[in-house]
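In what follows, chains are A, B, ... by sequence order, proteins preceding strands, each numbered from 1.
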Amino acid sequence: MKFGILVTEGPYQHQASDTAYQFTKAALEKGHEIFRVFFYNDGVNNGTRLMVPPQDDRNLQKNWTELAEEHQLDLVVCVAAAQRRGVLDASEAKRAGKDADNIAPGFRISGLGQLVEAGIIADRLMVFGD
Amino acid sequence: MSTLHTVSNSPFENNAFKSCLDHVTAGDTILLIEDSVVGARKAGSFGKEIGKALANCRVCALAPDLSARGIAADTVLDGIELVDYGGFVDLAAEHERTQAWL
Amino acid sequence: MSDIEAPDAEGGVVKKFMFVNRKSPHGTVYAVESLEVVLISAAFDQDVSLAFLDDGVFQIVKQQDTSGLGIKNFSPAYRALGDFEITKLYVEQEALDERGLTADDLMEIMYEDEDDDYEEKPSVRVVGRGELSKLMSEQDVLLSF
């Protein structure tokens, strides 16, 4: 079965991203397909590579990036929500005249149409928020 | 054509859980995740609200969330089934749709 | 419905999408960012509806004035939904009652019915909790923020 995943909260403040990650991992272990993981609202903050949690805490961005590498997941950060919150890739940073970008490996920035498309193509769309 | 409802907020904090209970259809399943599991204690005042839902719905709770909050399985309201993340995935696959009460 | 094998592209598949709005506007970003997804969804030719329940009913009350907040008032955008062929806005009667509101407190949100000589019709439909629950149980995709 094809799942689409929507994450609407940032890392650490809420458990939503952790639960979405555990769900995604469990779905993959069961042989399901993850069509896309879409990060929206404060969820876009899961996609910054600049987070530096303490050594004994989990690194949510790294968890997602590694899961994406292992299973060729499509991790998409909403462009409009990301711009508002300062999550940028190199081309967005250049366009906005910013001196740095921070998007993490394995994540890409794209439009909200990617979320609607996930709703259309996936058999189930799961929403993880607060 | 049943629905899996996920609830993530404590019923003592806001009305998401209550609103979910008010909108379920007979034959649906409610899955308690994250902070919502604090409502599942049989000695707690929200237990009887969940008890009413059990009359025509299945109610499950994510075991890792219970454990994380120090809620032992034997203190959970009778009738609530405990699942792990794999069980969560199975529930999502078995139901036609999932509705998250945020 | 939801078990249709979708083609690689979204071509041809029409699913029932419902946006479930339960939160007051302005205090959090959920209402406005939900509306942004609604507007994008219009481009995909899906069967889109919106539900307003609990504090979500405040998203479409009239005379919202955010000038004292320094936050943009996005509420006029709901009135444009008809132009995007989004014409089903379900509002729960019980949610209105609990908050001391009536249908008259809501914005006039209209659409032109192209199947009825472009007659102007209201997009807002006040429904009881039972009917709203039934509508929710008939969706393919439920998006809540």
Side-chain angles (χ1 to χ4, degrees), chain A residues 1-43 46 56-58 60 63-64 67 70-71 73 81 115-116 118-130, chain B residues 1-20 23-24 28-40 58 60-71 81-102:
Chain A
M1 182 166 278
K2 272 186 211 155
F3 284 101
I5 308 287
L6 170 62
V7 181
T8 64
E9 294 297 339
Y12 307 110
Q13 182 90 6
H14 292 284
Q15 205 189 330
S17 180
D18 293 282
T19 305
Y21 173 76
Q22 298 296 346
F23 180 94
T24 302
K25 223 168 62 153
L28 291 164
E29 280 162 12
K30 283 182 168 278
H32 294 295
E33 185 188 330
I34 301 294
F35 174 71
R36 177 170 294 146
V37 184
F38 193 86
F39 296 88
Y40 191 46
N41 305 126
D42 274 0
N46 289 286
D56 59 353
D57 198 354
R58 78 274 190 222
L60 275 161
N63 283 354
W64 281 114
L67 198 65
E70 199 181 328
H71 298 276
L73 296 185
L115 169 60
V116 180
I120 296 170
I121 291 179
D123 299 301
R124 303 285 185 271
L125 184 70
M126 307 297 295
V127 181
F128 295 92
D130 181 70
Chain B
M1 295 296 281
S2 61
T3 302
L4 174 67
H5 300 265
T6 58
V7 187
S8 48
N9 282 284
S10 161
F12 303 109
E13 188 190 353
N14 62 40
N15 81 332
F17 203 149
K18 175 75 169 60
S19 193
C20 170
H23 292 90
V24 289
D28 286 352
T29 300
I30 302 166
L31 173 64
L32 317 189
I33 65 171
E34 304 175 1
D35 282 347
S36 74
V37 299
V38 304
R58 207 174 145 196
C60 304
L62 201 53
D65 278 320
L66 287 166
S67 304
R69 289 159 183 82
I71 302 171
E81 299 164 49
L82 305 193
V83 298
D84 59 9
Y85 288 101
F88 185 178
V89 172
D90 292 341
L91 287 171
E94 284 162 19
H95 293 74
E96 271 87 359
R97 67 194 71 72
T98 299
Q99 180 162 13
W101 293 84
L102 305 176

Quiz item: After noting the C-alpha distance and the side-chain angles of Phe23(A) and Phe88(B), does the key distance pass the ring-ring contact (aromatic ring centres under 6.0 Å, His included) rule?
Solution: CA-CA 7 Å; Phe23(A) 180 94; Phe88(B) 185 178; 4.7 Å; yes
Quiz prompt | Stepwise side-chain contact (heavy atoms from CB on, under 4.5 Å) test for Thr19(A) and Ile33(B) | solution = CA-CA 8 Å; Thr19(A) 305; Ile33(B) 65 171; 4.1 Å; yes
Self-check item: side-chain contact (heavy atoms from CB on, under 4.5 Å) assessment of Thr98(B) paired with Val127(A)
Solution: CA-CA 8 Å; Thr98(B) 299; Val127(A) 181; over 6 Å; no
Practice problem: Give the intermediate values and the outcome of side-chain contact (heavy atoms from CB on, under 4.5 Å) for residues Phe128(A) and Leu102(B). | Solution: CA-CA 8 Å; Phe128(A) 295 92; Leu102(B) 305 176; over 6 Å; no
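The minimum heavy-atom distance linking Gly86(B) with Ala26(A) is given by the pair N-CB, 3.9 Å. Between Gly129(A) and Ser8(B), the shortest heavy-atom contact is O-OG, 3.9 Å.
The structure places CD of Gln99(B) at 12.0 Å from CE of Met126(A), a figure rounded to the nearest 0.5 Å. Taking CG of Asp130(A) as the start and CD of Glu34(B) as the end, the distance is 7.5 Å to the nearest 0.5 Å.
Residues Gln15(A) and Asp65(B) have side chains that bring a donor and an acceptor to within less than 3.5 angstrom of each other.
At distances below 3.5 Å, at least one donor-acceptor pair connects side-chain atoms of Arg124(A) with backbone N or O atoms of His95(B).
The part of His32(A) that comes within reach of chain B is its side chain, from C-beta onward, which places non-hydrogen atoms under 4.5 angstrom from that chain.
Under a cut-off of 6.0 angstrom, the local environment of CD in Gln13(A) is sparse, with at most 12 non-hydrogen atoms contributed by other residues, nucleotides or ligands.
Counting heavy atoms from C-beta outward, Asp90(B) and Lys30(A) have side chains that approach closer than 4.5 Å.
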